[in-house]
Amino acid sequence: MRKILQILPLLIILCTCREELPVEETPFYPSAYIKSKIISPSEGDLYYTGSKIKIKWEMPGSVEKVYIRLLRKTVVKEIISAETENDGEYEWDIDVNIKPSIHYRIEITNHDSHYPVVTSDYFIIKSGLAL
């Protein structure tokens, strides 16, 4: 007990004498950090073979060109564009020979580094043109 009473004042001195270092804060500019995402197609959208759709996305402005692929589940079924400007929009003609499925997704990556990778939600492609 006596040793505890001798050590206690030392602990109090050590704990109260700590000098807090100033924290430098880096300003945060939310507009400079755009989270990559695909806007269209979105979950459950229905498209038909032979039709045109607009693929829309957001990706940081530092990415100059993107690579766009069509996936069915996790398998690449078509390279939609091997290189296109990162302007947020691409018009795609859906091939008439694409197999109908509810498991299609769009994947967009930075053309130069393949990062970031952004993948759409699942959408549907059916045979024939919409009436």
Side-chain angles (χ1 to χ4, degrees):
M1 179 76 166
R2 187 173 184 176
K3 286 187 179 186
I4 292 177
L5 291 175
Q6 289 174 344
I7 296 174
L8 188 58
L10 290 172
L11 287 174
I12 291 172
I13 290 170
L14 287 173
C15 291
T16 57
C17 291
R18 290 188 320 174
E19 181 182 331
E20 294 214 13
L21 298 173
V23 176
E24 280 190 40
E25 291 188 25
T26 305
F28 177 69
Y29 303 105
S31 61
Y33 302 98
I34 298 174
K35 183 180 179 198
S36 300
K37 66 180 177 179
I38 295 178
I39 300 163
S40 175
S42 58
E43 184 175 6
D45 284 355
L46 172 62
Y47 302 103
Y48 292 90
T49 58
S51 63
K52 290 184 182 201
I53 69 166
K54 285 191 179 180
I55 299 170
K56 296 182 181 181
W57 68 90
E58 289 181 359
M59 193 166 283
S62 59
V63 176
E64 293 179 19
K65 296 187 183 284
V66 295
Y67 187 71
I68 306 173
R69 303 187 309 174
L70 175 68
L71 308 177
R72 189 168 67 223
K73 295 186 180 178
T74 59
V75 178
V76 175
K77 291 299 179 179
E78 180 180 325
I79 296 178
I80 295 172
S81 176
E83 181 179 340
T84 189
E85 294 296 320
N86 180 26
D87 59 6
E89 190 171 292
Y90 184 86
E91 190 167 88
W92 173 45
D93 294 318
I94 301 175
D95 191 309
V96 294
N97 297 317
I98 287 180
K99 182 179 174 183
S101 176
I102 62 171
H103 299 289
Y104 282 111
R105 297 164 67 183
I106 297 292
E107 178 184 82
I108 300 177
T109 60
N110 181 342
H111 180 267
D112 296 328
S113 69
H114 296 284
Y115 179 80
V117 176
V118 61
T119 308
S120 73
D121 291 324
Y122 287 100
F123 62 94
I124 304 162
I125 296 179
K126 287 189 172 185
S127 292
L129 292 172
L131 300 176

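Both Ile53 and Ile38 belong to a common hydrophobic cluster when Ile, Leu, Val, Met, Phe, Trp and Tyr are linked at side-chain heavy-atom distances under 4.5 angstrom.
Each of Ile79, Ile98, Val76 was evaluated against Leu70; a single residue qualifies, Ile98, per the side chain to side chain contact (heavy atoms under 4.5 Å, CB included) test. Of the candidates Asn86, Ile106, Val118, Asn86 is the only one forming a side chain to side chain contact (heavy atoms under 4.5 Å, CB included) with Trp57.
Separation of atoms CG (Asp93) and OG1 (Thr49) is listed at 12.0 Å; rounding is to 0.5 Å. Of the inter-residue distances, the one linking Lys77 atom NZ with Lys99 atom NZ reads 7.0 Å to the nearest 0.5 angstrom. Atom CG in Asp45 sits 11.0 Å away from atom CD1 in Ile125 (nearest 0.5 Å). We find the CD-OH distance between Glu85 and Tyr90 to be 12.0 Å, quoted to the nearest 0.5 Å. Distance CD/Glu43 to OH/Tyr122: 10.5 Å, rounded to 0.5 Å. To the nearest 0.5 Å, atom NZ of residue Lys65 and atom OG1 of residue Thr109 are 13.5 Å apart.
When every heavy atom of Tyr48 is checked against every heavy atom of Ser127, the shortest pair comes out as CD2-O, 3.7 Å. Looking at every heavy atom in both residues, Ile68 comes nearest to Ile108 through CG1-CG1, 4.0 Å. The shortest heavy-atom contact between Phe123 and Ser42 is CB-O, 3.9 Å. Of all the heavy atoms in Lys54 and Ser40, the pair that sits closest is O-OG, 3.3 Å. The two residues Lys126 and Pro100 come nearest to each other via the heavy atoms CA-CB, 4.2 Å. Closest approach of His114 and Tyr67 over heavy atoms only: CE1-CD2, 4.3 Å.
Remark: Arg69 does not engage Glu78 in a salt bridge, criterion side-chain N to carboxylate O under 4.0 Å.
More than 12 heavy atoms of other residues, nucleotides or ligands sit less than 6.0 Å from atom CG of Leu46. Atom CD of Glu64 sits in a sparse spot, with 12 or fewer heavy atoms from other residues, nucleotides or ligands closer than 6.0 Å. The 12-atom threshold is not exceeded at NZ of Lys37, counting heavy atoms of other residues, nucleotides or ligands nearer than 6.0 Å. Applying the 6.0 Å contact sphere to CD of Glu91 captures more than 12 heavy atoms from other residues, nucleotides or ligands.
With hydrogens and angles disregarded, no donor-acceptor distance shorter than 3.5 Å links the side chain of Arg72 to the backbone of His103. Asp121 places no side-chain N or O within 3.5 Å of a backbone atom of Gly44 that could act as its donor or acceptor partner.
A 4.5 Å side-chain heavy-atom check between Asn110 and Tyr115 finds every atom pair outside the cut-off. Contact annotation: the side chain of Val117 approaches that of Glu107 to within less than 4.5 Å [non-hydrogen atoms, C-beta and beyond].
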